[in-house]
Amino acid sequence: MGSTADPGPIDISVLYDQDNHISSAIWDGQERGVLRCHEHSSMLEQWKLTAKQIELVEKAGFGYFRTIPTISLDNSLISALVERWRRETNTFHLPVGEMTITLEDVALLLGLPIDGKPVMGVTRTPGKVCENLLGKVPEDLNGGMVKLTWLKECFSKCPEDAPVEEIERHTRAYLLYLVGCTIFSTTTGNKVSVMYLPLFEKFDEAGKFAWGAAALAFLYRALGNASLKSQSTISGSLTLLQCWSYYRLNVGNPKFNDEPNDGCFPFALRWKGRASGPRSNSNIVSYRKALDSLQHSDVKWLPYKDLDSSSSVGDIKESLILRASKTVLICFDKAERHLPDRCLRQFGVLQPVPLDVPRWERKIRALDQGSDLSKEAELQLKGKNQAELREWLERRLRIVQVEEVVDEIKYMEWYERITRKFVGRPESLESEFQRIVAAMREIADIADSFPADRMDSRDRKSLDDIKNAAHKSLMDLVGDSKKGRRKIATKRKREDDPTIKDDY
């Protein structure tokens, strides 16, 4: 494939925003490098929860989620995935077809509830909210945002003998901190919006919200923003994004120090014991090449089929039907489309050509003053421009129906026309060869620079083995290159004179 090959899309009816997408800038030689990835969960372990607090956290719907440790982010992998994300369809456009993070992934990877009331709230004064629900107000409550460091300093250790009201305040602060440094992390820095705090006023009521659906809406929005050429940062649940990739794609997966934690729930815990050493493909260019050349065999279409027998999954199994709901995901004013009909192979069925995606307004109006969310939602249904909320309330009526007869050849023919085939410019064989030769020479030079006279016999033998392997690889590469050039020259001569025979 030459460097001038058209990466598409040929038909721009689906990816109509191509000119603003990061892949256009990369194709024009305008690399933006690795995204700044914002998750702030490294200090979570400093919170010491009492048994009563843990009970309240579980009631609020975060019992499983709080057990997920900080997972080191691979910013290069995340950046390469973002280059494949399309906000027009809320899917990754990969060589094998469209894929996405679904409600099933959120439920199984993070253990968050994906069914329930939409995560919305009423407009309240931030200072009064903090005073009523936390018992104190930070001095620098700017723009309705509170610093995570302030929450940790004031509430990270609850006295064992604290009265009930104080325990509840400490737990609300923890929950606000938890969502603010993970699923609702922002690019504005070490802060979280106070608007989530009223949802934790009553812990039993907090447990009735679809926190997983809100987390996915937030991540979809973050991916869409980061996929634009004008952006350089990304936030939201990047742990969800990275673990989704680890489960689904054979690209950049870390090796394990110990056996995988397959018996644990949520499934993100599988990566708790991963190796912390360097990865084999740890830069954005190599990840981009791997995604550009992704094969069907590199995809794990059904990664959970041997894992969802876990006893813990029983709590959420009934809600997993929503993985195939073509609905709208809501997180306060954010409304994002969940389009499983475009990724049916992730559910073990064949993929037909999906329906067109209408362009949609990604915001919904904030609720006015009030306290009863269910009544407010009901009133909003009678208002204008609230189709998004109606779709969520009808989510179980919107389960995608699987077609009995599907021709995936037609799907791939259609997909080839509407997709962006690759992000990086294809590298010529000659430049790839030169890059490999340069790398092998560098290895040989480094080996030659070691002072062999200061080593014991075993280390000297190991060093000699490295040198010999590097030099042999270099000789093989040069030999293969000469043979290849000879073969091409003979082929050209034979085309001019058919009587000439091969001489190798």
Side-chain angles (χ1 to χ4, degrees), residues 1 5 7-9 23 74 76-86 89 91-102 104-105 108-109 240-256 259-262 267-268 270-271 274-275 278-309 323-324 339-354 402-403 405-427 429 432 436:
M1 190 182 290
S23 59
D74 185 344
S76 295
L77 175 60
I78 288 170
S79 302
L81 288 167
V82 168
E83 294 172 358
R84 284 282 179 178
W85 182 262
R86 302 306 301 231
T89 57
T91 60
F92 297 103
H93 276 239
L94 299 163
V96 296
E98 290 179 65
M99 296 184 70
T100 199
I101 307 167
T102 70
E104 175 187 45
D105 297 303
L108 295 179
L109 290 172
L240 171 61
L241 170 60
Q242 186 162 300
C243 288
W244 177 89
S245 178
Y246 286 169
Y247 264 104
R248 297 272 181 185
L249 308 177
N250 186 26
V251 176
N253 293 7
K255 301 296 185 287
F256 287 106
E259 284 299 307
N261 302 304
D262 282 343
F267 293 159
R270 184 173 198 262
W271 307 102
R274 67 165 183 76
R279 299 175 175 87
S280 56
N281 293 325
S282 57
N283 66 76
I284 190 171
V285 174
S286 59
Y287 283 143
R288 184 185 298 153
K289 284 183 65 177
L291 291 174
D292 279 352
S293 58
L294 197 74
Q295 301 292 315
H296 199 278
S297 58
D298 293 321
V299 178
K300 295 184 281 289
W301 296 102
L302 300 172
Y304 313 123
K305 65 184 175 69
D306 297 326
L307 300 174
D308 61 9
S309 59
R323 69 181 188 169
L339 300 170
D341 60 310
R342 307 186 74 85
C343 307
L344 291 175
R345 288 176 295 178
Q346 291 178 214
F347 309 137
V349 296
L350 297 177
Q351 177 66 56
V353 175
V402 178
E403 297 181 25
V405 180
V406 173
D407 184 354
E408 279 205 343
I409 295 176
K410 285 186 179 178
Y411 164 73
M412 288 308 299
E413 288 174 350
W414 165 84
Y415 181 71
E416 287 287 325
R417 291 184 58 80
I418 63 92
T419 194
R420 183 78 167 184
K421 294 184 182 68
F422 37 86
V423 175
R425 281 187 175 268
E427 189 176 23
L429 289 175
E432 188 170 5
I436 294 171

Checklist entry - Do Thr100 and Arg342 pass the side-chain contact (heavy atoms from CB on, under 4.5 Å) test, and can you show the C-alpha distance, the side-chain angles, and the key distance before you say yes or no? => result CA-CA 9 Å; Thr100 199; Arg342 307 186 74 85; over 6 Å; no
Checklist outcome for this item: Here the pair of heavy atoms bringing Ile284 nearest to Ser79 is CD1-CB, 3.5 Å
Item to check | Residue pair Arg420 / Arg86, side-chain heavy-atom distance below 4.5 Å | outcome: yes
Checklist entry - Counting distance only, does the side-chain N/O of Arg345 pair as donor-acceptor with the main-chain N or O of Leu350 below 3.5 Å? => result no
Checklist entry - Between Thr102 and Cys343, does a side-chain contact (heavy atoms from CB on, under 4.5 Å) hold up when you go through it step by step? => result CA-CA 9 Å; Thr102 70; Cys343 307; 5.6 Å; no
Item to check | salt bridge (Lys or Arg N to Asp or Glu O under 4.0 Å) partners for Arg288, two or more places apart | outcome: Glu31, Glu83
Checklist entry - More than 12 non-hydrogen atoms from neighbouring residues, nucleotides or ligands closer than 6.0 Å to NZ on Lys300, yes or no? => result yes
Checklist entry - Within the distance-only criterion (no hydrogens, no angle test), does the side chain of Tyr247 pair as donor or acceptor with the backbone N or O of Asp105 below 3.5 angstrom? => result no
Checklist entry - Does Lys421 use its side chain to pair, donor to acceptor, with the backbone of Glu416 at less than 3.5 Å? => result yes
Item to check | Modelled atom types, side-chain donor and acceptor of Asp74 and Tyr287, under 3.5 Å | outcome: yes
Checklist entry - In terms of ring plane angle, is the pair Tyr411 and Tyr415 parallel, tilted or perpendicular, where the classes change at 30° and 60°? => result parallel
Checklist entry - If you round to the nearest 0.5 Å, how far is CD of Glu104 from CG of Leu109? => result 9.0 Å
Checklist entry - Counting only N and O atoms by type, is there a donor-acceptor contact under 3.5 Å from the side chain of Gln351 to the main-chain atoms of Asp341? => result yes
Next on the checklist: As an exercise, state the distance from CZ of Arg248 to CH2 of Trp301, rounded to the nearest 0.5 Å.
Outcome noted: 9.0 Å
Checklist entry - Could you state the interatomic distance from CG (Asp407) to CD (Glu413), rounded to the nearest 0.5 Å? => result 7.5 Å
Checklist outcome for this item: Shortest non-hydrogen pair, Phe347 vs Leu302, comes out as C-CD2, 3.8 Å
Item to check | Exam field: side chain Gln295 to backbone Ser293, donor-acceptor pair closer than 3.5 Å | outcome: yes
Next on the checklist: Between Asp298 and Val251, does the side-chain contact (heavy atoms from CB on, under 4.5 Å) criterion hold? Intermediate values first, please.
Outcome noted: CA-CA 8 Å; Asp298 293 321; Val251 176; 5.8 Å; no
Item to check | Step-by-step side-chain contact (heavy atoms from CB on, under 4.5 Å) determination, Leu77 to Tyr246 | outcome: CA-CA 10 Å; Leu77 175 60; Tyr246 286 169; 3.8 Å; yes
Item to check | Euclidean distance, Cys243 SG relative to Trp271 CH2, rounded to 0.5 Å | outcome: 7.5 Å
Item to check | Beyond-backbone contact of Leu291 with Leu249, side-chain heavy atoms, under 4.5 angstrom | outcome: yes
Checklist entry - Got a salt bridge between Asp292 and Arg84, using NZ or NE/NH1/NH2 to carboxylate O under 4.0 Å? => result yes
Checklist entry - So how far is it from Leu241 CG to Trp85 CH2, rounded to the nearest 0.5 Å? => result 8.5 Å
Checklist entry - Would you call Leu344 and Pro352 a side-chain contact if the rule is heavy atoms closer than 4.5 Å? => result yes
Checklist outcome for this item: Here the gap from Thr419 atom OG1 to Phe92 atom CZ, rounded to the nearest 0.5 Å, amounts to 13.0 Å
